[in-house]
Amino acid sequence: MSTALENPPPLPLTLVRATSEDTESAYREMLRIRRFEEAAARAYTQGRISGFLHLYIGQEAIAVGTAAALRFGDRVVTTYRDHGFALAMGSDAGQCMAELYGKATGLVGGVGGSMHYFDRAKGLWGGYAIVGNHLPIAAGHAFAARYKNEDIVTLVFMGDGAVGIGPAHEAMTLAGLWKLPIVFVVENNRYSMGTPLSRTLPVEDITARGPGYGIATDRFAVTDNFQVQDRLGAAIDRARRGEGATLVELLTYRFRGHSMSDPAKYRGPGELDSFRQLDPLEAARCALLNNHGLTEAQLDTLDDEVSDEMAEASAFAERSPVPDPSHRFRNVYVEE
Amino acid sequence: MSTALENPPPLPLTLVRATSEDTESAYREMLRIRRFEEAAARAYTQGRISGFLHLYIGQEAIAVGTAAALRFGDRVVTTYRDHGFALAMGSDAGQCMAELYGKATGLVGGVGGSMHYFDRAKGLWGGYAIVGNHLPIAAGHAFAARYKNEDIVTLVFMGDGAVGIGPAHEAMTLAGLWKLPIVFVVENNRYSMGTPLSRTLPVEDITARGPGYGIATDRFAVTDNFQVQDRLGAAIDRARRGEGATLVELLTYRFRGHSMSDPAKYRGPGELDSFRQLDPLEAARCALLNNHGLTEAQLDTLDDEVSDEMAEASAFAERSPVPDPSHRFRNVYVEE
Amino acid sequence: MPTIQIREAIRDAMRDEMRRDPNVYLMGEEVGHYNGAYKCSDGLLEEFGERRVVDTPIVETGFAGVGIGSAMCGLRPIIEFMTFNFSAVAFDQIINNAAKIHHMTGGQFKVPIVFRGPNAAAHMLGSTHSQAFDAIYGGIPGLKVVSVATPYDAKGLLKSAIRDENPVVFFESELMYSNKGEVPEEEYLIPIGLADIKRSGKDVTLITWGQGVQLSLNAAELAQSDGIDVEVIDLRTLRPMDEGAILRSVRKTHRAVVAFHGWPFASVGSHIVDLIQREAFDDLDAPVLKECYDDIPMAYAENLENLTIPTPERVYASIRSVAYADH
Amino acid sequence: MPTIQIREAIRDAMRDEMRRDPNVYLMGEEVGHYNGAYKCSDGLLEEFGERRVVDTPIVETGFAGVGIGSAMCGLRPIIEFMTFNFSAVAFDQIINNAAKIHHMTGGQFKVPIVFRGPNAAAHMLGSTHSQAFDAIYGGIPGLKVVSVATPYDAKGLLKSAIRDENPVVFFESELMYSNKGEVPEEEYLIPIGLADIKRSGKDVTLITWGQGVQLSLNAAELAQSDGIDVEVIDLRTLRPMDEGAILRSVRKTHRAVVAFHGWPFASVGSHIVDLIQREAFDDLDAPVLKECYDDIPMAYAENLENLTIPTPERVYASIRSVAYADH
Ligand SMILES: Cc1ncc(C[n+]2csc(CCOP(=O)(O)OP(=O)(O)O)c2C)c(N)n1
Ligand SMILES: Cc1ncc(C[n+]2csc(CCOP(=O)(O)OP(=O)(O)O)c2C)c(N)n1
Ligand SMILES: [Mg+2]
Ligand SMILES: [Mg+2]
């Protein structure tokens, strides 16, 4: 497990090379996710949101880099830790927040909650809560693209804890056998709930499984959104060219507990702080200040704008109506 | 896929090096399995046996080599293609045949049939019919040996068609993670039912999966029982020394269809004949005749003895009673 | 009308629908080059090729999930389980994805998929290969569940299942694939959710489906021979259930028996008994009885299996009992 | 008697049995270093170490199978499912291996194992995390199924389950883990298969278990307030079921309602209704009614979830109905 550094690292090249505009908008997108989740966390502790709430804070660069690497029409499938992808891919923050509140105006009408964000128009194909069971589903999306001869790539994300479960194996087996246009991305945030990698992985390098499936691999520690965009972009292109699937392992870290109920006592001493120094959001912020000449004041304004958006999202969720009682019978079957 | 040769190959070294006694007894054991199954096949076509009947003919050297490599107390877990292991490990041919007939004197009292041979005293721990679902069970046997600090190794066999299914992945993940004293053996007989490897395996070399689980591997085309005994013996020793699991792929071939109902029309032209030339039973026969100076007459006598044993086994099955009607309620729960 | 086997009716239904809609495809183990373990897809690979008749490795969770994921994209997969016993390793995909995706996505996605294959006991296959999944899938909201007993019903209902916008679990039987019956040349559909009176009678209502249908008709014959006129209702669909057909008949006969292949506890049979006593309590002249498997794993031995599975005689005894014929 | 929470009663039962028998061990996700996702194994790792309190990766089929395989070797595993919703991915191991191995090996092997964890809906967890598996596992011969509602019952029954020679599915609930009750210091066992009358009454029999128990006691209070005296029977074990306790009560009250957390179709509730009308037909003065979840996937939204789950008021309405209190 790549241990973190004492002092902030020099800015990653991929970040340094990016334009001011790209860096600023990426920073804004990452900040939107963080502020959204901070607002959600507050609402949760105030009892306005219930159920499970899994925060993405610390991993935002992955969703933002992914969104930038996709083409319109491409599909993203992920786990219950799905807020980041929704916001990065363009879902409305108000609808996202309303879903957490279980309101009729939510992304899926309040029936799904935090774990089941789906926004088809934006390319977000969910939002699944049974570990690993979305991987065959994603392989099915890729199968359909091939069947219909559509130029669509499916990206499916999973946690480090999901790689041992059977459905992951079966999905990768079929993707390798059928050379499906799909990218399997492991967001290795070092823990599955309270369990560190050392108690879940027989081999530290998850991509060592690739050769068994005949699929390409890539593995790296996430430094910034542009790096993610480039590296995932290469895997997406490979899939688009008809060269089959790739298994990508991203080393990342979550700054919050597994879910709101987890105090995360299992971290090593200083572990959290050292990883905070690698926070891609902070890196982007440094780049804007040091390399692109933005001022603290400008960044404060940007932050205010984002915070206002999220305050409005919360207000929207608050004032939205709960679903009509009759709606619980909706969508059990397709109403023809 | 190693293609077969035009003419019988020179005798394999492992076979040549074996003593007359060992060669003769191994030949006898392999012949017992073959004659047993030929008798079973006849009974099946005569309607005396029903259900599924999966023959092991062509793969006998694996069971015989395995039995010789085991220590008393070691455990063998296999699939529905289990007659060979039972006979090689010392189960009574009469009881085995009676099980096929669904008789009270069968190995498990007639409740299991061909697919569920279990003979605990002989180290045969089954006999499972759901593809792959015996692999976690076998890992559990290995877990128990470790837990109780017993010097016991578990060998678990699966077909080439089983390596893609989730339970195989989960069992190997746990075996690798916990360094369990177990050997996973794939009997690659080139087909899962009517489907050739090319339509089931993303990568031809099944042992390419080993590194992903952090378990050792071995892979070879089966030439004779002694070779199997040596190579599996090495994996068993590794497990016994506490060095963890091994994944072994054995390239073999079944001369009959998947089950009695399968005409096996899917074989390539000449495929069956070319593999027959590699029949380990025939190799042992040649060795006895050419290297150990046995005469055709002696081998005929041996064959007669074995055939008599199987005729008696069939007669025993025939004359055995069916289970008492009340026995269907037995063993649903443990009678305390 | 031509007389064909159930396996041919199933094949014809799939062929018709695949010709009609390019988004319909068949996937499973041995469905293509082997033409199906029970030959229900004979000739389909030849006609439609490997793109639409897809042989899979033995990965039920994998290909069930691929089917579901492809259905979300507008395809209409037919997933064959070699037998429903093997759906147990794909259970999560069926109950948590197929059954719930339309609901949990707020209607953004549909899952028009058919899971089909033989269900319940065949002959001497042992405990793991002889299970009925009627109650298990019947109990899951979001699924539709069909169980057929004749070539005519098999073809008409499978075509409807393939066109249905919802996930449909479609039960067949190894024991019935060779059963013959008349099937019209011309196109027809049988709506999901409609029971069929396979024999009309006035004294006792015998409710059944799947392997229970022939069993029940035989039992009705026995009853007729001593003057009890039995009405045999073939549910054909378990979910949604044609409750009206059941209740109409019971209100006429005041007596009912349920006969089916499956275990008794929390069964579809229990559900039907519950329904009748709740909705027709005052019409009942006798308790409703069930005839089904003994509540035990199926043994391989032929004599034990035959004792575990309901016989016409056993069903007939229950008919006599509800008719108080022995008083 | 000390008053403790259900989670403590469960922990104490496991600790007692692990102290008593070195072959008993606990395995599952987060059971060790995290002390259990719901803290039901608090302190066990500290006392027994990693050999006997085993944290696993997320591989339910894998560790369920390892548990079964180890039980065949004489160990007595307690397998914790973080919730039973996740047992769906281990379904085949439970129904085809745990439930059938003793039978299919002709009695050569036993599988003394406990699968335990929370079952049915908690609070706002959505459709995949709110399912009741009572009917699904209750329907499988070879399994025993227990469902507890009080600390006293939880401890006494879990100890019996751990000592049982058969596979036992043991249902708990996130919603009840903090419920308190008195539990004696000294050793006691509650036999599997015995119901408990949680409230005696003479007018209506209310049969329930698990999350339904408190619901039913509350409904009984409502009924009492307008003079209907309800007897509340907590089954505690679903398989084998204490049919005698149910029938004795119904023969006394002539009226029955079944209240539980779960879907209605082919449910344990249906089974109980079937049982009562079959065995006590002439004693019944009214149809037996069920109160349970609506037949739909559970929505996340709090108001929809509350409407889907039976309330004391809904159960009370059924009580009034079977008592013809509205006539
Ligand atoms: C099959 C299954 N088992 C258990 C759970 C409970 N669970 C939810 S998330 C989680 C941990 C997953 O960790 P990881 O895969 O690393 O993803 P992360 O939460 O770190 O993003 C567990 C055990 C589940 N949802 N599904
Ligand atoms: C989960 C599951 N799916 C399907 C089957 C039906 N089936 C039985 S054997 C078999 C083929 C297995 O082939 P392989 O693993 O190569 O073993 P072999 O028969 O060649 O020894 C299939 C598909 C099954 N028993 N279990
Ligand atoms: Mg993780
Ligand atoms: Mg094979």
Side-chain angles (χ1 to χ4, degrees), chain A residues 49-53 80 98-104 106 108-116 127-133 159-169 192-197 199-202 258-259 261-262 265-266 321-333, chain D residues 28-39 45 50 53-65 81-93 121-131 174 263 293-309:
Chain A
I49 296 175
S50 191
F52 289 144
L53 185 68
Y80 45 84
E99 188 57 40
L100 303 183
Y101 279 68
K103 295 300 184 74
V108 296
V111 299
S114 166
M115 303 199 290
H116 300 303
Y128 289 84
I130 303 292
V131 166
N133 87 347
D160 46 280
V163 300
I165 202 159
H169 178 65
S192 52
M193 231 158 182
T195 306
L197 302 170
R199 282 199 297 274
T200 58
L201 296 181
H258 169 70
S259 69
S261 62
D262 170 27
K265 297 218 187 73
Y266 41 77
V322 298
D324 183 88
S326 69
H327 285 192
R328 69 186 191 281
F329 299 106
R330 269 209 194 160
N331 300 319
V332 177
Y333 294 96
Chain D
E29 293 152 12
E30 309 296 341
V31 296
H33 293 268
Y34 201 75
N35 291 300
Y38 297 100
K39 302 293 174 251
L45 175 70
E50 291 191 328
V53 180
V54 185
D55 282 320
T56 68
I58 306 167
V59 292
E60 280 80 2
T61 281
F63 65 75
F81 288 121
M82 195 173 286
T83 84
F84 265 94
N85 295 286
F86 313 139
S87 75
V89 295
F91 191 58
D92 169 71
Q93 288 296 327
H123 182 57
M124 297 180 73
L125 299 187
S127 61
T128 66
H129 282 49
S130 307
Q131 302 174 88
E174 295 99 317
W263 288 311
Y293 294 164
D294 291 326
D295 197 12
I296 55 178
M298 190 67 73
Y300 165 79
E302 185 163 31
N303 68 318
L304 299 186
E305 182 173 59
N306 291 341
L307 287 161
T308 305
I309 296 176

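This one's a predicted model, so the numbers in the text were calculated from it and none came from an experiment. Atoms considered below: every heavy atom in the structure, side chains included; atoms not considered: hydrogens, waters and symmetry mates. We name chains A, B, ... by the order of the sequence lines, and we start the count at 1 in each one.
For the pair D:A301 and A:P323, the tightest heavy-atom approach, listed with the atom from each and the gap, is CB-CG, 3.8 Å. Residues A:I130 and D:V89 approach most closely at CG2-CG1, 4.3 Å, considering heavy atoms. Closest non-hydrogen pair, D:I296 versus A:R328, comes out as CD1-O, 3.5 Å. Minimum heavy-atom separation, D:V59 to A:G164: CG1-O, 3.2 Å.
The CD atom of D:E302 sits 13.5 Å away from the OH atom of A:Y101 when rounded to the nearest 0.5 Å. Within the model, atoms CG of A:L100 and CE of D:M124 stand 9.5 Å from one another, a figure rounded to the nearest 0.5 Å. For the atom pair A:F329 CZ and D:L304 CG, the distance stands at 9.5 Å (nearest 0.5 Å).
Between D:H33 and A:T195, every side-chain heavy-atom pair lies at or beyond the 4.5 Å cut-off. Here the side chains of D:Y300 and A:V108 are not in contact, with every heavy-atom distance at 4.5 Å or above. Looking at heavy atoms from C-beta onward, D:H123 lies in side-chain contact with A:S50 at the 4.5 angstrom threshold.
Between A:F52 and D:H129, the angle of the ring planes goes over 60°, which puts this pair in the perpendicular group of the 30/60° scheme.
Residues passing the ring-ring contact (aromatic ring centres under 6.0 Å, His included) test with A:H116: none are found, sequence neighbours excluded.
Neither the backbone nor the side chain of D:F63 comes within less than 4.5 Å of any heavy atom in chain A. Only the side chain of D:D294 comes within contact range of chain A, judged by heavy atoms closer than 4.5 Å. Contact annotation for A:N133: neither backbone nor side-chain heavy atoms come within less than 4.5 Å of a heavy atom of chain D. Residue D:T61 does not touch chain A at all, counting heavy-atom pairs closer than 4.5 Å.
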- Task: Determine, step by step, whether A:M193 and D:M82 satisfy the side chain to side chain contact (heavy atoms under 4.5 Å, CB included) criterion, reporting the C-alpha distance in whole Å, the side-chain angles of both residues, the deciding distance to 0.1 Å, and the verdict.
- Result: CA-CA 12 Å; A:M193 231 158 182; D:M82 195 173 286; 3.5 Å; yes
- Query: Step by step, would you call A:D262 with D:Y34 a side chain to side chain contact (heavy atoms under 4.5 Å, CB included)?
  - Reply: CA-CA 10 Å; A:D262 170 27; D:Y34 201 75; 3.0 Å; yes
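Listed options A:L201, A:D324, A:I165 were ranked by heavy-atom pairs under 4.5 angstrom with chain D; first place goes to A:I165.
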